[in-house]
Number of protein chains: 2
Amino acid sequence: MANGDEVSNEQILFRDYISGFPKETDMILSTTGTIRLKVPEGSNSVLLKNLYLSCDPYMRGRMTQSDSYVAAFTPGKPITGYAVSEVLDSGNPNFEKGDYVWGFAGWEQYSLIENPHPMSLMKISYTDVPLSYYTGILGMTGMTAYVGFNVLASPKKGESVYVSAASGAVGQMVGQFAKIMGCYVVGSAGSKEKVDLLKNKFGFDDAFNYKEEPDWTATLKRYFPKGIDIYFENVGGKMLEAVLPNMAVRGRIPVCGMISQYNLQQHDGIHNLTQLLKKRVRMEGFNVSDHYHLYPEFMELMKQYFMDEKLVYVEDMVEGIESAPVALIGLFTGQNVGKQVVKVSHE
Amino acid sequence: MANGDEVSNEQILFRDYISGFPKETDMILSTTGTIRLKVPEGSNSVLLKNLYLSCDPYMRGRMTQSDSYVAAFTPGKPITGYAVSEVLDSGNPNFEKGDYVWGFAGWEQYSLIENPHPMSLMKISYTDVPLSYYTGILGMTGMTAYVGFNVLASPKKGESVYVSAASGAVGQMVGQFAKIMGCYVVGSAGSKEKVDLLKNKFGFDDAFNYKEEPDWTATLKRYFPKGIDIYFENVGGKMLEAVLPNMAVRGRIPVCGMISQYNLQQHDGIHNLTQLLKKRVRMEGFNVSDHYHLYPEFMELMKQYFMDEKLVYVEDMVEGIESAPVALIGLFTGQNVGKQVVKVSHE
């Protein structure tokens, strides 16, 4: 096949805006598309072969027309998200054929990226780890944990940290960053398997299965008799309500996500926000995309951690682009253990 | 009367812990107490003649046994709070007879303060303004506005500011600080008289009567079509719920109080905290007592503002210690216009 010929390009299309839980049928596998594996003459574009697609909870927000902090998906067009890709052709001076990159791409075998923004497509230079790590620990996920915990929560040695959804892609990183920082860290997750991972693999000081705890306020009181200095918020709703009375004075709550709320028609009411006053708590929603200027400092730190073997990382990898819809939906029922990745092509 | 003699000392005693709205009968006027107007020989104490008592919303929390960030009142003992006083006698090297001070004292004509903490009793040196101002604009109230707005909310020229309970002691200061900073500021209050004050006396760009607005979310959208950069939170509950979708990206909410909630058996549920994520909002509860190290810098600023005639201030003064219970209770139904002060004695 010559590079100028069109090849088949399987895609996952977004069907239409939804409310409630996303279903596999909200996405459509299209096998009829084709693409030319060259960028248009004189263009600034980059032609990517996608290797790994990242499944992330924030993508739920993009399935609703009006209520997300990132643009909604376009019905009938491919889902878009973070990916690791190989450059097949480039008209852009920042990229050349053979480069590996991570950033925004379509859920498809090949993507033509027009005028890539420097913060939305980044060249991979450190390759001592699997490339798929750039969908997670070395990409948006790792940066999210770093920004929320190390930057916004200003952790200090000896402080007490609670992480919800702790075995998820971000949570497992936060727990490890907290241990490196000398904190006491407890995580919660939704199965015995995940709790075991937290304690035995990720080095959390302790962990519990929230599904087996009838009264989370009491549970947290047990794990944190002196209060929680930092709550890394991934869950929202009733878990937040249980956390607030357990916060320590001048505690911090970086709000990374509220996954328990995204699929509810009516969000849970939080009745104890006066705790913010009582404990002088700072609660801060953040979006990693505001902080990518910190990526170089993050990468320096991460390379050092990898060299010192201070980090472990668990991926939940499925094969084939056709598996992507089920993998994404699984995030919202906690099917995944670790970072959910879809392998699209061999490197 | 010799100083060593005992004199009558009228007091306002706290009856017992309450739930729900405080009532006048939760406090008792005692006219039977006496006090010796000398400090004990060799003590470190200070004997105060109280001139002005400060009525503040946080005092509601002290009427409940377990759920406040400051110690509860003691049943059968005098209410305590901020006051402006004259030193009648002192065994403490930091104070001498004739000094004027502000800080913590009892709701009584005379108070014996044992071992006063430097941050809980402060000498008044700047006296170009009425002494009662140290219960408010130059005391805890002014510091609260300064810490919450100027320090924690990091205001920038041209930003949009919304203040609830805006004609109250703190709110009127925040509005003026915001104007000095070059912000656009809108306040809400609960009567036409208060709204007029905000617009015509305190220099708010605009103001509205929340009791006449059926849909606060829509009202705020009208006043802030581009969103609220800083919401100075005094109210909580349904007002907070209306504010959240109207916040601008990277907005700040210093949480000074949530007066709408203090007397409810069941606090309002806030259903839209995912807005913190969507808009990357920082919400921070604070307590002025953590920040009194900033008092000298605050006073320098305030003296300059007074000299430049940049500030106006409204007090709601009642006469006689017997009026104190009604004055305090009036805060929770919005009876006061401006800072509620009780004049106990002539200077």
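From a predicted model like this one, the values you see are computed outputs, not experimental measurements. Letters A, B, ... mirror the listed sequences (proteins, then strands); counts begin at 1.
Contacts of B/Arg252 with chain A are absent, with no heavy-atom separation under 4.5 Å from either backbone or side chain. For chain A, the nearby parts of B/Val255 are the backbone and the side chain; heavy atoms of each come within less than 4.5 Å. In this structure, no portion of A/Ile253 lies under 4.5 Å from any heavy atom of chain B.
Using a 4.5 Å cut-off between non-hydrogen atoms, no part of residues 159-170 of chain B approaches chain A.
For the pair A/Asn246 (side chain) and A/Gly227 (backbone), a donor-acceptor distance under 3.5 Å is absent. The closest donor-acceptor contact from the side chain of B/His271 to the backbone of B/Gly269 lies under 3.5 Å. A side-chain donor-acceptor contact under 3.5 Å links A/Glu233 to the backbone of A/Gly236. Proximity of a side-chain donor or acceptor of A/Asn150 to a complementary backbone N or O of A/Val147 within less than 3.5 Å is not detected. Remark: side-chain polar atoms of A/Trp102 are not paired, donor with acceptor, to backbone N or O of A/Leu121 under 3.5 angstrom. A side-chain donor-acceptor contact under 3.5 Å links B/Arg282 to the backbone of B/Leu152.
Aromatic ring pairs are classed by plane angle as parallel below 30°, tilted from 30° to 60° and perpendicular above 60°; the pair A/Tyr82 and A/Tyr58 is perpendicular.
By the 4.0 Å N-to-carboxylate-O rule, B/Asp56 lies close enough to B/Lys339 to be salt-bridged with it.
For the set A/Ile270, A/Val249, A/Asn272, the entry with the most heavy-atom pairs within less than 4.5 Å of chain B is A/Ile270.
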